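All values derive from a computational prediction rather than experimental measurement.
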Amino acid sequence: MSLGEGKTITALTTSGRNSSSLSVRAHSPQRPPDIAKLPPNRTRSRTSNIGINNEGDIELDELGYFHGYSSTDAPRFAPSSSPSPGDARAPGDDGPPPTVNNTENSKKVLDYLQHTVLCWNLFLAGWDAGTTGPLLHRIQEVYHANYAVVSLLFVFTCLGFIGGAALNVHLIEHLGFGKTMVLGSLFQVVGYAVMSAAPPFPVLVLAYCMDGFGIAVQDANANAYVASYKKQAANRMGILHAVFGAGALVAPLAATQFAQIPQWSFFFLISLGIALSNTIALLLVFRLKGQDECLKEIGQMPDEHAQGDSESSRQMNKYRQIFKQKELHFLAFFTLVYVGIEVALGGWIVEYIRQERQGGPSSGYISSGFFGGLAVGRVSLLWLNKAIGEHRVMYLYIVLSIGLELVVWLVPSLIGGAVAVSIVGMLLGPMYPIIMNHAGRVLSPWLLAGSIGWIAGFGQAGSAFLPFLTGAIAQSKGIVSLQPLLISMMALLLVLWFFVPTKSRRID
């Protein structure tokens with residue numbers, strides 16, 4: 001590059017022991033001195049300077065080579081316009097090197113894999129939720145059980161959920177995220193293997209208990225993991241639970257067919273296959289690692305504020321810290337009632353349609369319509385949640401659901417009732433993801449995994465308690481009591497949501 005007549009830019013470099021220097025000056029071309037002749041007592045300096053000296057020369061000293069040499073002492077090398085052999089980028093390309101791009105791409109791929117595996121995990125949970133309703137009448141026939149006795153399936157499932165929710169914090173503290181998820185999946189594998197053999201009724205309810213424990217542990221940690229995302233947490237939570245709805249949609253389609261053949265329990269062999277694939281996927285993708293380590297692998301660093309608060313309170317009992325949060329209890333009770341409504345409606349609606357609307361053996365497909373609406377609502381109504389606000393839109397969903405349940409109860413139409421039930425499913429669908437997103441905002445960040453674990457596990461107990469209550473009441477009052485019970489529980493949701501705090505604690 002020319003700076004005037006007889007002037008050129010050259011790079012001045014030397015090498016030494018501790019650092020490097022670069023000096024650029026305008027001068028007349030001349031032969032550079034031999035580097036080997038430089039005195040050995042010259043040492044590097046770490047100075048960095050750019051300026052114009054008294055002779056009008058432009059000088060740049062960077063990273064310091066050989067303290068003590070002036071720009072005239074150091075050897076001069078003419079700049080080369082060709083890139084160095086190790087630089088694969090084109091001249092003038094200031095973008096990140098290829099290795100950085102490859103690393104980012106691998107993190108994105110792993111991120112998608114992790115979320116896909118968690119979605120598959122929730123698909124299995126949805127499959128399980130959609131199973132009991134279509135099989136309930138068949139189980140009553142095989143075991144000669146009335147409504148109250150067959151409801152013990154829900155009771156023991158409830159015990160499994162509560163046990164999983166109570167032990168989840170302890171398991172996470174001692175085993176970590178990856179190992180706890182695999183442990184929960186193995187409980188499901190064993191439970192389905194026992195169910196597939198159509199064992200005596202007491203053994204069957206114990207298998208349901210094991211299944212409930214496994215679902216509670218996995219559901220809690222899957223929700224906590226997604227709620228911990230710092231980007232697109234709401235959308236991903238919606239997708240996660242839409243897949244839950246998809247599982248609950250597909251299961252009744254298969255269960256209804258198996259309920260009409262002598263080998264009805266072989267349905268659980270399908271459940272067993274899905275559970276085994278879930279275990280393998282968890283092992284391959286999360287590799288028994290902790291949550292923070294798995295999040296680091298996809299480029300999300302742990303929250304420094306959360307880590308600081310966690311360290312400062314490490315000596316305190318973690319259970320005590322979690323249960324001191326009043327927000328936790330409102331969210332947990334709301335979830336318990338919500339999940340109870342969801343499972344009671346999806347399970348007992350089949351028997352209600354058979355008895356009150358003369359629906360026949362194909363009534364199991366009504367359950368598929370409900371859970372199909374659940375899956376659709378969790379994705380298709382994301383825009384409405386954002387437009388109105390997640391906290392306010394909950395009131396709209398609950399009020400509309402109450403109105404539609406009145407239609408199912410008071411209008412004696414099989415098709416009208418089926419359509420109304422499907423729309424109720426669509427309105428109830430977004431509620432659970434909203435609960436989990438809200439928990440991520442209002443609960444203490446360093447207690448989030450344990451807190452969401454308790455909310456999810458305690459909420460899943462509702463999937464057993466309310467259906468059992470439905471069966472117990474139906475035993476004396478008839479299945480017609482399902483609709484007024486559901487409407488009263490939905491009204492309770494309105495009251496509970498009013499008391500849920502809205503102030504955010506999340507630090508973005």
**Prompt:** Does a donor on one side chain and an acceptor on the other come within less than 3.5 Å for Q114 and Y225?
**Reply:** yes
**Message:** Can you confirm whether more than 12 heavy atoms, excluding those of I415, are under 6.0 Å from its CD1 atom?
**Reply:** no
**Item:** Side-chain heavy-atom pair V421, V408 within 4.5 angstrom cut-off
**Value:** yes
**Request:** List for me each residue that meets salt bridge (charged side-chain N to carboxylate O under 4.0 Å, His left out) alongside R236, sequence neighbours excluded, and say none if there are none.
**Result:** D111
**Request:** Rounded to the nearest 0.5 Å, what's the gap from CZ on F156 to OG on S151? Could you check?
**Result:** 12.5 Å
**Asked** Sequence neighbours excluded, which residues qualify as side chain to side chain contact (heavy atoms under 4.5 Å, CB included) partners of L186?
**Response** V182, T279
**Prompt:** According to the ring pair (Phe, Tyr, Trp, His ring centres under 6.0 Å) rule, which pairs have a member within residues 198-221, sequence neighbours left out?
**Reply:** Y143-F201, F187-F213
**Message:** With a 4.5 Å cut-off on side-chain heavy atoms, are F333 and F458 touching?
**Reply:** yes
**Asked** Which heavy atom in P202 sits nearest to a heavy atom in V205, and how many Å separate them?
**Response** O-CG2, 3.0 Å
**Request:** Verify the ring-centre separation between W264 and H137: is it less than 6.0 angstrom?
**Result:** no
**Fill in**
What one should report as the nearest heavy-atom pair of S228 and Q291 is OG-NE2, 3.0 Å
Using a 3.5 Å cut-off and no angle test, enumerate the donor-acceptor pairs between side-chain atoms of residues 477-490 and protein atoms at least two apart in sequence or in another chain.
residue, atom, partner, partner atom, Å
S481, OG, G478, O, 2.8
S488, OG, P484, O, 3.3
S488, OG, L485, O, 2.7

**Message:** Determine whether E351 and L136 satisfy the following criterion, side-chain contact (heavy atoms from CB on, under 4.5 Å), listing intermediate values before the conclusion.
**Reply:** CA-CA 8 Å; E351 190 67 17; L136 202 59; 5.6 Å; no
**Asked** Can you tell me how far CG of L414 sits from CD of E356, rounded to the nearest 0.5 angstrom?
**Response** 12.5 Å
**Asked** Quick one: CG on L447 to NZ on K324, what's the gap to the nearest 0.5 Å?
**Response** 10.5 Å
When the side chains of residues 239-259 are checked against the rest of the protein, which donor-acceptor pairs come out under 3.5 Å, sequence neighbours left out?
residue, atom, partner, partner atom, Å
H241, NE2, N223, OD1, 2.6
T256, OG1, P252, O, 2.6
Q257, NE2, Y365, OH, 2.5

Side-chain donor/acceptor pairs under 3.5 Å, residues 334-342, sequence neighbours excluded:
residue, atom, partner, partner atom, Å
T335, OG1, L331, O, 2.6
Y338, OH, E342, OE1, 2.9
Y338, OH, R378, NH2, 3.2
Y338, OH, L428, O, 2.8
E342, OE1, R378, NH2, 3.4

**Asked** Should M426 and L374 count as side-chain neighbours, where that means a heavy-atom distance under 4.5 Å?
**Response** no
**Message:** If I compare all heavy atoms of F498 with all of Y395, which pair ends up nearest, and what's the gap?
**Reply:** CA-OH, 3.3 Å
**Asked** Taking the side chain as C-beta and beyond, is there a heavy-atom pair between T157 and D211 under 4.5 Å?
**Response** no
**Request:** Would you sort out whether L466 and V343 count as a side-chain contact (heavy atoms from CB on, under 4.5 Å), showing the intermediate values?
**Result:** CA-CA 8 Å; L466 197 54; V343 177; over 6 Å; no
**Request:** List for me each residue that meets salt bridge (charged side-chain N to carboxylate O under 4.0 Å, His left out) alongside R138, sequence neighbours excluded, and say none if there are none.
**Result:** E141
**Asked** Minimum heavy-atom separation for A197 to S265, with atom names?
**Response** C-OG, 4.3 Å
**Message:** Tell me whether H438 contacts the main-chain N or O of I434 through its side chain, where contact means a donor paired with an acceptor under 3.5 Å.
**Reply:** no
**Request:** Show your working on salt bridge (Lys or Arg N to Asp or Glu O under 4.0 Å) between E297 and R287 and close with a plain yes or no.
**Result:** CA-CA 12 Å; E297 289 180 346; R287 293 167 293 170; 3.0 Å; yes
**Asked** In terms of ring plane angle, is the pair F177 and F286 parallel, tilted or perpendicular, where the classes change at 30° and 60°?
**Response** perpendicular
**Asked** Taking everything shown except K289 itself, do over 12 heavy atoms lie less than 6.0 Å from its NZ?
**Response** yes
**Side-chain donor-acceptor contact under 3.5 Å, Y397 with N385** = yes
**Message:** A quick test of your reading: do over 12 heavy atoms of other residues, nucleotides or ligands sit less than 6.0 Å from CZ of F123?
**Reply:** yes
**Item:** Smallest separation among heavy atoms of A420 and L404, with atom names
**Value:** CB-O, 4.1 Å
**From CA spacing to verdict: side-chain contact (heavy atoms from CB on, under 4.5 Å), I349, F370** = CA-CA 9 Å; I349 192 63; F370 170 74; 5.5 Å; no
**Contacts of type side chain to side chain donor-acceptor pair (under 3.5 Å), residue K107, not counting sequence neighbours** = none
**Request:** Supply the atom-to-atom distance M195 CE to Q188 CD, rounded to the nearest 0.5 angstrom.
**Result:** 8.5 Å
**Minimum-distance pair of heavy atoms, taken over all atoms of M181 and A222** = SD-N, 4.2 Å
**Request:** Starting from the C-alpha separation in whole Å, work towards a yes-or-no answer on ring pair (Phe, Tyr, Trp, His ring centres under 6.0 Å) for W348 and Y147.
**Result:** CA-CA 11 Å; W348 283 106; Y147 288 139; 5.6 Å; yes
**Asked** With sequence neighbours excluded, what pairs up with L328 under the side chain to side chain contact (heavy atoms under 4.5 Å, CB included) test?
**Response** I322, F323, Q325, L443, S451, W454, I455
**Listed partners of V350 passing side chain to side chain contact (heavy atoms under 4.5 Å, CB included), at least two apart** = R354, S363, S367
**Complete:** CG (L175) and CG (L288) are apart, to the nearest 0.5 Å, by 10.0 Å
**Request:** Measure the shortest side-chain to side-chain distance between L295 and Y229 over non-hydrogen atoms and say whether it is less than 4.5 angstrom.
**Result:** yes
**Item:** Sequence neighbours excluded - salt bridge (charged side-chain N to carboxylate O under 4.0 Å, His left out) pairs with any residue from residues 381-408
**Value:** E390-R441
**Request:** Show your working on side-chain contact (heavy atoms from CB on, under 4.5 Å) between M436 and I452 and close with a plain yes or no.
**Result:** CA-CA 7 Å; M436 293 300 148; I452 287 187; 3.7 Å; yes
**Message:** Per the side-chain hydrogen bond (donor to acceptor under 3.5 Å, both in side chains) rule, what does the pair list look like for residues 115-134, sequence neighbours excluded?
**Reply:** W120-S277, N121-Q218, N121-N278, W127-S271, D128-Y192
**Asked** Taking atom CZ of F161 and atom CG of L159, what is their separation to the nearest 0.5 Å?
**Response** 11.0 Å
